[in-house]
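Right, one structure below, let's go through it.
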Amino acid sequence: MPGQVAAFPDTYRSFSTEMLVATYEEGPDRLRAVLEGLTDEDLHAQPRPGNKWSILQIVVHLSDAEVMGALRVRLAYGQSGSTLPVYDQDLWASALRYQTTDREAFERRVELFTLLRETTMPIFKQTRDAEWIQRAAQHPEFGPVTLRNLLELYADHGERHIEQIVTIRGLLGKGLDFPPLIEARLY
């Protein structure tokens with residue numbers, strides 16, 4: 001319902017911050033590992049029912065979402081109390097023509113995801129215990145979110161999409177034994 005704010009899920013409340021930081025940091029290496037050996041045809045395939053996103057679309061989305069995540073983390077940490085920007089991922093996928101991304105641009109997207117994670121990690125590593133909760137911002141969908149909540153959101157986000165890529169690989173006959181670092185999902 002428009003205007004309603006849902007509380008941020010407490011799914012990861014019992015997970016240590018150290019474990020979530022490690023999951024976030026490992027995201028780029030894990031992404032590259034699940035993409036290894038895929039052809040352009042594999043990247044464009046949409047074998048999941050309901051015309052769900054291809055691996056290509058997932059990767060382009062991951063890099064765009066990471067742009068937003070990097071900004072959100074900086075706003076929560078450096079300008080606590082800020083209102084965080086939101087975006088419509090389906091509109092972006094359509095308007096920015098994710099499915100038409102060529103191989104070179106796809107590789108740059110993987111690199112962008114990596115660079116954004118690498119440049120955000122120092123913020124997480126310098127955060128002191130109390131700051132995980134004290135540094136916060138306003139999310140239009142969740143209301144107040146802490147820096148810890150943003151870490152949870154983006155650690156989950158990378159793992160969620162890596163899991164989807166592994167599923168698609170299986171459907172393409174290129175299965176990969178690649179267990180998730182976090183079993184639970186925020187939503």
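One-based numbering along the sequence shown.
At least one side-chain heavy atom of Met121 sits under 4.5 Å from a side-chain heavy atom of Val21. Side-chain contact between Pro180 and Arg185: present, with at least one pair of heavy atoms (C-beta onward) separated by less than 4.5 Å. You'll find the side chain of Val59 stays beyond 4.5 Å of the side chain of Phe113, heavy atoms only. Side-chain contact between Tyr12 and Ile182 is present, with heavy atoms from C-beta onward closer than 4.5 Å. Contact of the His157 side chain with the Tyr24 side chain is not registered, since no non-hydrogen atoms from C-beta on lie closer than 4.5 Å. Under the 4.5 Å side-chain criterion, counting only non-hydrogen atoms from C-beta, Leu96 is not in contact with Val60. Looking at heavy atoms from C-beta onward, Phe15 lies out of side-chain contact with Thr23 at the 4.5 angstrom threshold. Side-chain contact between Thr17 and Arg148 is present, with at least one heavy-atom pair separated by less than 4.5 Å.
Using cut-offs of 30° and 60° on the angle between ring planes, the pair Trp92 and Tyr87 is tilted. Ring orientation note: the planes of Phe142 and His139 are tilted relative to one another, at an angle of 30° to 60°.
Leu172 contributes atom CG, which lies 8.0 Å from atom OG1 of Thr39 (distance to the nearest 0.5 angstrom). Residue Leu115 holds its CG atom at 12.5 Å from CZ of Arg108, rounded to the nearest 0.5 Å. Annotation: the span from Thr11 atom OG1 to Asp156 atom CG amounts to 8.0 Å, rounded to 0.5 Å. If you take CZ on Phe106 and OG on Ser63, they are separated by 10.0 Å, rounding to the nearest 0.5 Å. Distance check: Asn149 CG to Thr146 OG1 gives 3.0 Å after rounding to the nearest 0.5 Å. To the nearest 0.5 Å, atom CD1 of residue Ile123 and atom CG of residue Leu151 are 12.0 Å apart.
Residues satisfying the side chain to side chain contact (heavy atoms under 4.5 Å, CB included) test with Leu71, not counting sequence neighbours, are Leu75, Pro85. For Asp129, there are no salt bridge (charged side-chain N to carboxylate O under 4.0 Å, His left out) partners at least two apart in sequence or on another chain. Partners of Arg97 according to the salt bridge (charged side-chain N to carboxylate O under 4.0 Å, His left out) rule, which considers only residues two or more places apart in sequence or in another chain, do not exist here. Qualifying salt bridge (charged side-chain N to carboxylate O under 4.0 Å, His left out) partners for Asp10, counting only residues two or more places apart in sequence or in other chains: Arg13. Partners of Gln99 according to the side chain to side chain contact (heavy atoms under 4.5 Å, CB included) rule, which considers only residues two or more places apart in sequence or in another chain, are His44, Gln46, Ser54, Leu56, Gln57.
A side chain to side chain donor-acceptor pair (under 3.5 Å) check over residues 165-176, counting only residues at least two apart or in different chains, returns the pairs Asp42-Lys174. For residues 26-39, every residue pair satisfying the salt bridge (Lys or Arg N to Asp or Glu O under 4.0 Å) rule, not counting sequence neighbours, is listed here: Asp29-Arg32, Arg30-Glu159. Within the structure, salt bridge (Lys or Arg N to Asp or Glu O under 4.0 Å) pairs that include any residue of residues 110-123 comprise Glu66-Arg117 (at least two apart or interchain). For residues 83-94, the set of pairs meeting the salt bridge (Lys or Arg N to Asp or Glu O under 4.0 Å) definition, not counting sequence neighbours, is empty. Evaluation of the salt bridge (Lys or Arg N to Asp or Glu O under 4.0 Å) test over residues 50-64, restricted to residues two or more places apart or in two chains, returns Asp64-Arg109.
Here the closest non-hydrogen pair linking Leu186 and Arg160 is N-NH2, 3.8 Å. Across Ala137 and Ser82, no two heavy atoms sit closer than the pair CB-O, 3.2 Å. Scanning all heavy atoms of the two residues, the minimum distance from Arg48 to Ile58 falls at NH2-CD1, 3.9 Å. Nearest heavy atom pair, residue Leu84 against residue Pro140, reads O-CD, 3.3 Å.
Cluster partners of Leu116, by chain and number: Val67, Leu112. The rule joins Ile, Leu, Val, Met, Phe, Trp and Tyr whenever side-chain heavy atoms lie under 4.5 Å apart. Hydrophobic side-chain contacts under 4.5 Å tie Ile133 to no other Ile, Leu, Val, Met, Phe, Trp or Tyr residue.
Centroid-to-centroid, the aromatic rings of Trp132 and Tyr77 stay 6.0 Å apart or farther.
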What do the steps show when you test Gln134 against Leu147 for side chain to side chain contact (heavy atoms under 4.5 Å, CB included), and what is the final call?
-> CA-CA 8 Å; Gln134 292 168 344; Leu147 186 62; over 6 Å; no
Take Phe178 and Glu163 through the side chain to side chain contact (heavy atoms under 4.5 Å, CB included) test and state the conclusion after the steps.
-> CA-CA 8 Å; Phe178 204 82; Glu163 195 172 86; over 6 Å; no
Derivation of the side chain to side chain contact (heavy atoms under 4.5 Å, CB included) call for Ile162 and Leu181 | CA-CA 10 Å; Ile162 287 167; Leu181 294 179; over 6 Å; no
Run the numbers on Arg72 and Val145 for side chain to side chain contact (heavy atoms under 4.5 Å, CB included), then give the verdict.
-> CA-CA 10 Å; Arg72 288 172 172 177; Val145 292; over 6 Å; no
Apply salt bridge (Lys or Arg N to Asp or Glu O under 4.0 Å) to the pair Glu25 and Lys125, showing each step before the final yes or no.
-> CA-CA 10 Å; Glu25 187 171 31; Lys125 288 187 175 183; 3.2 Å; yes
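No continuous path of hydrophobic side-chain contacts links Leu153 to Val86 [ILVMFWY only; heavy atoms under 4.5 Å]. One hydrophobic cluster holds both Tyr187 and Phe8 under the rule that ILVMFWY side chains link at heavy-atom gaps under 4.5 Å.
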